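Input: a single structure, listed below in structure tokens.
Here the structure is a predicted model, which means the values were calculated and not measured. We number each residue from 1, following the sequence as shown.
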Amino acid sequence: SSAASDVYKRQTIKIKEVMHVLKNSAALYGASALAALATQLHDSPPSTTQENLHAALVIKHNLDKTRDAYQIMSNSIAI
């Protein structure tokens with residue numbers, strides 16, 4: 001197998017590991033849209049670098065939205 005193929009396999013394994021943690025954590029805290037996205041990426045990781053970069057931007061956007069929502073919720077219940 002080629003070096004590029006080995007790198008791709010390692011990247012795919014790493015993506016699946018990170019998405020597994022993210023989907024479970026997101027589901028645990030009620031971030032269902034983020035959990036669904038992470039599940040999709042875990043089950044079918046992107047096949048190209050461009051798709052991986054796009055998926056990373058989508059994940060970051062969803063993480064930011066989730067963080068902002070929790071911050072608002074936290075501020076509203078602060079004593």
Side-chain angles (χ1 to χ4, degrees):
S1 105
S2 72
S5 177
D6 290 343
V7 168
Y8 174 75
K9 287 177 188 171
R10 285 194 305 272
Q11 287 176 341
T12 300
I13 290 168
K14 190 58 147 175
I15 289 168
K16 288 179 84 92
E17 289 172 353
V18 170
M19 290 304 107
H20 180 76
V21 171
L22 183 58
K23 72 179 182 157
N24 290 337
S25 297
L28 178 66
Y29 291 104
S32 56
L34 185 55
L37 178 59
T39 298
Q40 177 185 352
L41 292 171
H42 175 269
D43 295 345
S44 302
S47 59
T48 68
T49 299
Q50 188 63 29
E51 289 172 342
N52 275 317
L53 291 172
H54 177 73
L57 290 173
V58 172
I59 288 285
K60 182 183 179 318
H61 175 74
N62 277 273
L63 283 169
D64 291 343
K65 283 177 43 180
T66 300
R67 183 199 62 233
D68 293 346
Y70 277 100
Q71 187 65 48
I72 290 168
M73 186 171 36
S74 173
N75 290 343
S76 72
I77 60 173
I79 299 175

- Once you round to the nearest 0.5 Å, how far does CG of L22 lie from CD of E17? 13.5 Å
- Task: Could you grab the distance from atom NE2 of H42 to atom NE2 of H20, nearest 0.5 Å is fine?
- Result: 6.0 Å
- Query: For the residue pair A27 and A35, what are the closest heavy atoms and their distance?
  - Reply: N-CB, 3.7 Å
- Message: Within a 6.0 Å radius of atom NZ on K16, are there more than 12 heavy atoms belonging to other residues, nucleotides or ligands?
- Response: yes
- Item | Straight-line distance of T48 OG1 to L53 CG, nearest 0.5 Å | 8.5 Å
- Query: Would V21 end up clustered with V18 when hydrophobic side chains under 4.5 Å apart are linked, directly or stepwise?
  - Reply: no
- Validation row: L37, M19 side chains within 4.5 angstrom (heavy atoms): no
- Note on the structure: Between the OG1 atom in T66 and the CG atom in L34, the distance rounded to the nearest 0.5 Å is 4.5 Å
- Item | Side-chain donor/acceptor of S44 to backbone N/O of L41, under 3.5 Å | no
- Task: Kindly compute the distance separating CD1 (I72) from CZ (R67), expressed to the nearest 0.5 Å.
- Result: 10.5 Å
- Rounded distance (nearest 0.5 Å) linking atom CD1 of I15 with atom CZ of R10: 13.0 Å
- Message: Taking the basic N atoms (NZ, or NE/NH1/NH2) and the acidic carboxylate oxygens, is any pair closer than 4.0 Å for D64 and K60?
- Response: yes
- If you group Ile, Leu, Val, Met, Phe, Trp and Tyr by side-chain heavy-atom gaps below 4.5 Å, do I59 and L28 land in one group? no
